[in-house]
Every structure is written in structure tokens, then in C-alpha cells.
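Residue numbers begin at 1 in each chain, while the letters A, B, ... track the order of the sequences. Values below: all heavy atoms of this structure, side chains included; hydrogens, waters and symmetry mates excluded.
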Number of protein chains: 2
Amino acid sequence: MARRLRVSEVSDGQMGGQKKIKNMEEFAAVSGISRPTVSKYFNDPDSVRRSTRERIETALERYDYRPNIYAINQNRRLTKNIGIVVPYLADPFFAEIARMIERLCIESGYRPILFSSHGEPAIENENMDSLRAIKPAGVLMAPLGRASDKSAIDAFCRNVPTVLFDSNIEGMGEAFVGSDNHSFVSQTVEYLNRTGEPPCFFEMRHPVNPNANKRRTAYLSMMEMLGLEPHVIKIEGSGWGFEEIGRQGGLGVLEKKLLPTNTVLCSNDRLAIGFLSACCEKGVRVGRGKGCSLRVASHDDHPFSRFTCPSLTTAAHDYAAVSDHAVETLFRLIESGGRFDRRTESLFPARLIMRQSA
Amino acid sequence: MARRLRVSEVSDGQMGGQKKIKNMEEFAAVSGISRPTVSKYFNDPDSVRRSTRERIETALERYDYRPNIYAINQNRRLTKNIGIVVPYLADPFFAEIARMIERLCIESGYRPILFSSHGEPAIENENMDSLRAIKPAGVLMAPLGRASDKSAIDAFCRNVPTVLFDSNIEGMGEAFVGSDNHSFVSQTVEYLNRTGEPPCFFEMRHPVNPNANKRRTAYLSMMEMLGLEPHVIKIEGSGWGFEEIGRQGGLGVLEKKLLPTNTVLCSNDRLAIGFLSACCEKGVRVGRGKGCSLRVASHDDHPFSRFTCPSLTTAAHDYAAVSDHAVETLFRLIESGGRFDRRTESLFPARLIMRQSA
DNA sequence: AGTAAAATTTTACGCGCGTCAAAAAACTTT
DNA sequence: AAAGTTTTTTGACGCGCGTAAAATTTTACT
């Protein structure tokens, strides 16, 4: 009854390694190792003796067996899954950062699983439900922000080891990793002020993302520090179609000539892309050369901002640093059993990218 | 021994529904239904009597229990997972179509899982490995194209019910759903020719995507049909950074004045975005108005093409039709046991979007 | 060679659920 | 009310693997 198979019994005669391995039992038999040891090998190849490891790996080449992931996850207390949640995957910024995070997870032997909330709180909640179902070792989450169901996120973070990134929600998750908005704005404002008229600040009246608020605050304090009068232009619109909102808002201020200066600092690149589109439509030449009546700058270094007309001067995220540190923090969190003694916030500074628009 | 728990034994006294349910056994106990019947309910709520269903759902409200997904998938012969593979998620076109496909899958009670190949064949192969591991009911795959490891994809499609979309690989997968490239090109060429000089065709010398070849062929046959002399401009560059490739190529042809006509038809929008960026840099005014020396059009209706300067005239995919039909085809395939009698190819026509660039 | 330490094998149980067959109970029909 | 039909319950097995304890083998070391 269930006695262990011996090599000779499962040998495939003249087929030479064509036998299909159904489970770890059979694979252990053909590799001449006991199943528990094989199991140990798959959990950590270095935990078995070298000669054992080599025998397993030899068998692995011949029989291509892979442990059933569902059986593994059912029995392990912690899976190797890592959830990644971004608010809006159609934004190349998030696609890019998700890509870097995925790669780092894979390199460390984890299985990243990517979710997008598509800008909708209901989907964000669904994603958290899906995440609970897969019992991840940890989660890296960039929340929607203002629209998020705060209590749902809070409850989630209490159950699942979570590191927030990009967009901070006070007190939630075991840590936050993001960009230092003050660094972004101080560099753009300083540069614009040094090379021309001081900028007005162009943003949505009801931004979905908490970074927007920090950027406005930073703008105001920067202008005060420089002894300049701030001007904040708030445009209408809701949702995640920032380019269109920026375009409509841009058409509005250009038509009504509401701009107090010849220099516009947009809260983020996607808004700026829309604003530049509006300038083009209105025949307003943008840039710092002669013949140009307007300078436009922004924040984020969105993948497309290099290709706007004119190319967009902006403050760049340190994508690599943010994703590296977020992943590293999550790994530390997992090793600490899912809890930190205190919540940490890590902010990375921006790098000014000077292009043609300002 | 393992005798069934009765309600009274698991009642939580005065806590009123706070007891944590560990498994289906316990949930069956508190709902007063046997475990096999509860199991049946979760597989198909309509397969149990109405009164039974209501008792289960009442208990569900009080105790929020969810079956362990790993145990389910281990025992079911077919999971409810559906794999979605796109070649490059940082391209908003794919992010958009992935979003639509995800939604359709969820609505039908499946669990979509999204993978991006990030433009690299090695990752595409890794993704197929990951997909095998999760034993999906079916897979919707947009392959990399020319760079794909064809034999790996072929082997994969033989094991897993797969529908290809966007980019066709002859004979692989049980079906293909995509756009009709001829429809795209015939509309743009016809329009450009009717409203001005006939276009030259601007493309990469070694396009990664098979649609590019079809578009060139369509351009040539269209020009022949109209009795016009075709001009194909092939630019260098490799990889998935199409905008930068288009920009470099654009700078090249503008500097060397290689354009045979004042009208350029780009193979795709991302190339066109780069080309427009080059025009801007070179001070070439693009559009159909006076003062403009160049017209530019393209194909895809990329999410950003509305915001280029000037906005891009292009031929739009029928995103909805392609994703609808791809998902529907996959569901039919799953119901047919994973095989079709013959491979079908479904192509959807384009819609011309006239904007400012041509 | 002898002994202790480390690694492996045996043996056995458990995870949470799908699924089956037979028995019991609940509805339906005339 | 009896017979027939549908649904549920009971009891049991299996899925593929993690894991623990005890027995055994291998390795390292004095």
C-alpha cells in the first residue's frame, strides 16, 4: 500500500526520459531521492547536500517536473506570492514602475501578481479581495488616493503585510515609499524663477492623488521663500483622464487669458501634455526660444514627456530608487513577520530634466 | 472522529457572528447544511434548492467565508483562471485592451491574470511557464511577433487552450482575433490621396510586429490600385521604444530631405508620435492648414495620439470589438474542450479619425 | 578507528476541498 | 396517502504537497 516506487519500476524502457512525471512522489522515485528531501530541495536548493542536489538536478533535466503550485500554496503557511496594485495601469508611469518591481520580485524568487484598479475604488476593493484569496507573503500597493475606500484599505493592511508606494495614506500600511514632492517642486520653481518669470501653478481643483496637494503646498512655500506672489490656477474635471482635463483647462485659461505670467508649472506631466496640446491648438508657441510666448514645465518625467512638442522640461522620479527601496522594504517586512515596530516613510528626491518647453 | 459539528457546538455564544470560519466544514456547520452541498453551491449556486441557497447566503452574510482557492484549484480538473499575455504593457494600447479583457472575464466569473512580456522573448517564455503552472482554463495571448520563440509558443498552444490576438502567428493557437490591417491602410491612403498629395510610407526596417508587414503590403497594393508610385521609407532601430526610433528616423529624413512627398503615412501611432517630435524639433509645421509644409497620418488611434501637436489623424482599432470577440472566442473554445475543428481568424475594420495633422 | 554532528530516509499525518455512491429526506404528482 | 422524483446527507477517498518525529545513513573531526 502506497509503498515507494523504485527506479527500476518506473523506468521507461527504451524511451529514455520521456515518461511523464505526475507528482513529487514519482519524481523522487526517478531521481532516487526520497520525497521529503525533494520537497526540501524545491523550497531551498541549498538546504540539501551537494551530491543530492546534483542528482535532483540531473533528473530535472531529463524529466522536466514542476511542483504543483496549488498544492504548495495550500500547505505552506506563507506563499511566495507578492501582490502589486497600481491605481491606473494605462498610465505608462505605473506600467514602468510595475515592470521594475516585478523584475525585482522574480529575482528574489517570488511570484509577483499585478493588479490595476483602473481608477475606480470599487475595483481597488475587488483587487484587495483577490489578494486576500491568494494569501500573498506581502503586497506593494499604490492606492488611488482621495477616492480610495480608506477603511477598506486600513482593514486590508491590518491583515496583509503591505507597503504603500507612490501615493501615501497617512498611517496605513507598515511603510511608505515614494517621491519627495518638495524636492520636485523646489527644483522646478527655482529653475523657472532663475531663468525667467516666476511660474504660476496649474492643477486640478479636486486632484485624485495626494501628491498633488503636497506639490501645491510646496509651490506656495517655495514662492514665499523667494518672496514672490504665488498664483494657483485650478481647473475642473474628474477622473483619471488627466490629459483631456489638462487640455480643456488649458483651452479655458488661454481663451480667457487668465495666465498671470508667461510661465506655467503643471502639477504633473499628464496635465502638462494636455496643456501643451491646448497651446498647439490655440497657436501659442511654447518654449524658451524667441518667438515663444509661454514656458511650460511639470513634474514626473512621464515616459512620453520627451516626445511632446516642444519636449517637456520636468522633474524626474527616481523610478529605480523608489521601486528598489519599496521592494527591499517589503522583503524586510516579510522577514520581520509582517509587522514593523514603527511606520517609516521614505522619500526620494527628483532630478531636473531640462528640455525645450522651459 | 471527524464527526460533523452541529450548530450548537460551534455557536459563538453572545458574540453573534464574530466566529472565524476556517474551512468549508465549519461554514457548513454554522449554515446548517452539509459540506458537499455547500461545495455544490459554490460551484454553481443554481444547482441547489432555493431554500438551501437562501440559508447558505444568509450564513454568508454573517460569517464572510470564502473557499480556499488553492484547495479548489488543486482538486478541480479545470481552474477558472484565464491568462492574458501582452507584449508590452508600458504601451497604453495594450494596457487599454487588457483592461477591457479583464473586465469581460470577471463578468463571466473567471479570474484573469495579466502578464507582460516587456518586449523580451525570454520573458514571454517565462510567462508561458508561469501560465502552465496555474493551469488556466484558457489563455488570451498577444505574442511579441517576430522576436517570439515560435516553437515555444507552438508547444504552449498545444498544451493550453489559447486564442491569439492583435498579432497573428500563422497556424498557432486555436483562433486569432485582430484588426484588419488592409482596412486601416486603405482608409488612410484613400483619404490622404483624396485631400492632397499621395503619402509615402514611414516604417521600421525590421518591424517587431507582423502587423507592420501587412500594413506595408496594403500600402503598396493600395497605391498600385490608385495608379500611384509608392515610396517606402525604412528607418533603423530595434526594440520597443518606437517613439524614440520614430524621432531619430524623422530627424534623419528631415535633415537629409529624403521625403518624396509632403505627406507621410506612419506605420503606427507610436512611430508617428516620435516623427512629430522630430518635426517640432526641426521647426517643420505639420498639418493641413496654411503655413504647414507636411501632413502626417498613422494607424492605431493610440490613447495619446489625440494630444500630439498637432493632434494625429489616424485609423482607430475597434478596441471593444476585438476584445469582445477574443474573449467570446476563448469561452467557446473552453466549452468545446479546448479544441476547435479548424482555426479561425477574425479581423475587424478600422475607423478613420480625422484630426489636425492631415 | 571511533564518535559526534549533519543530512537523509521512513513513516505518518494534515491541509481544504472535489467528488462519488448509497442512504435518507424533502418535495411532487395522481 | 402512496408512489415517484429530486435534493440533500453521510461517509469515504483522493488530490499533491508540507512537515514533523524517529530511525538510519553519511560526513566531519578528534
Side-chain angles (χ1 to χ4, degrees), chain A residues 1-7 10 20-56 59 63 65-81 111 132-135 137, chain B residues 1-7 10 20-57 59 63 65-81 132-135 137:
Chain A
M1 321 86 132
R3 97 188 187 298
R4 181 158 147 259
L5 299 175
R6 304 199 159 275
V7 179
V10 295
K20 275 184 192 161
I21 304 294
K22 279 179 45 181
N23 53 32
M24 196 178 279
E25 187 82 35
E26 286 187 14
F27 178 74
V30 299
S31 56
I33 306 284
S34 75
R35 189 181 68 74
T37 304
V38 172
S39 170
K40 209 174 170 210
Y41 167 85
F42 278 109
N43 282 323
D44 177 9
D46 291 326
S47 68
V48 303
R49 202 190 298 143
R50 208 172 69 118
S51 60
T52 308
R53 183 166 58 243
E54 281 164 2
R55 288 169 69 189
I56 292 178
Y63 290 95
Y65 156 77
R66 302 184 54 173
N68 180 310
I69 197 170
Y70 297 116
I72 291 176
N73 285 338
Q74 176 173 23
N75 294 311
R76 244 212 278 271
R77 50 181 64 229
L78 224 53
T79 70
K80 282 281 189 178
N81 295 333
R111 288 175 35 85
R132 269 188 258 257
I134 62 173
K135 303 187 192 304
Chain B
M1 317 76 150
R3 96 187 188 297
R4 183 160 145 257
L5 300 175
R6 305 199 160 275
V7 179
V10 296
K20 274 185 194 162
I21 304 295
K22 278 179 46 180
N23 53 32
M24 196 178 282
E25 187 81 34
E26 286 188 12
F27 178 74
V30 298
S31 57
I33 306 284
S34 75
R35 190 182 66 77
T37 303
V38 171
S39 170
K40 210 175 169 208
Y41 166 85
F42 279 108
N43 283 322
D44 176 9
D46 291 326
S47 69
V48 303
R49 201 191 301 141
R50 209 173 68 121
S51 60
T52 308
R53 184 165 57 244
E54 282 165 359
R55 288 170 67 188
I56 293 178
E57 280 162 359
Y63 291 95
Y65 156 77
R66 300 184 57 173
N68 181 309
I69 198 170
Y70 297 115
I72 291 175
N73 284 339
Q74 176 173 25
N75 294 310
R76 247 211 279 270
R77 49 180 62 231
L78 225 52
T79 70
K80 283 281 188 178
N81 295 333
R132 268 188 261 259
I134 62 172
K135 303 186 190 306

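Remark on DNA chain D: of its neighbouring residues A/Ser51 and B/Ala71, the 5'-side contact belongs to B/Ala71, judged by nearest-heavy-atom nucleotide. Annotation: of the two residues near DNA chain D, B/Ser47 and B/Gln74, the 5′-most nearest-nucleotide partner is B/Ser47.
Side-chain contact between B/Tyr70 and A/Thr79 is present, with heavy atoms from C-beta onward closer than 4.5 Å.
Taking side-chain N and O atoms only, B/Ser39 has no distance below 4.0 Å to OP1 or OP2 of C/dC17. Within the 4.0 Å cut-off from OP1 or OP2 of C/dA7, not a single side-chain nitrogen or oxygen of A/Thr52 is found. Checking the phosphate oxygens (OP1, OP2) of D/dT9, a side-chain nitrogen or oxygen of B/Ser34 falls inside 4.0 Å.
In this structure, B/Lys40 atom NZ and C/dG16 atom C1' are separated by 20 Å, rounded to whole Å. C/dG18 atom P lies 13 Å from atom NZ of B/Lys80, rounded to whole Å. Rounding to whole angstrom units, CG of residue B/Asn75 and C1' of C/dC20 are separated by 13 Å. Atom P of nucleotide D/dG16 and atom CD of A/Glu25 are separated by 11 Å, given to the nearest angstrom. When the P atom of C/dA26 is taken as reference, atom CZ of B/Arg49 falls 8 Å away, rounded to whole Å. Remark: C1' of C/dC15 and CG of B/Asn73 are 15 Å apart, rounded to the nearest angstrom. Computed from coordinates, the A/Arg77 CZ to C/dG16 P distance equals 12 Å when rounded to whole Å. Separating the CZ atom of A/Arg35 from the C1' atom of D/dA20 is a distance of 12 Å, rounded to the nearest angstrom.
In this pair, B/Tyr65 and B/Phe27 present their aromatic rings parallel. The plane angle is below 30°, not in the 30 to 60° band.
The shortest non-hydrogen separation linking A/Glu26 to A/Lys20 is OE1-O, 3.5 Å. Scanning all heavy atoms of the two residues, the minimum distance from A/Ile69 to A/Arg111 falls at CD1-NE, 3.2 Å.
The distance from the CG atom of A/Asn73 to the NZ atom of A/Lys80 is 11.0 Å, given to the nearest 0.5 Å.
As judged by a 4.0 angstrom heavy-atom cut-off over every strand, A/Tyr65 is placed among residues touching the sugar-phosphate backbone only. Across all strands shown, B/Tyr41 has no heavy atoms under 4.0 Å from either base or sugar-phosphate atoms.
Picking from D/dT19, C/dT19, D/dT9 the nucleotide with the shortest atom distance to the side chain of B/Ile33 gives D/dT9. Here the nucleotide nearest the side chain of B/Val48, chosen from D/dG16, C/dC17, D/dT8, is D/dT8.
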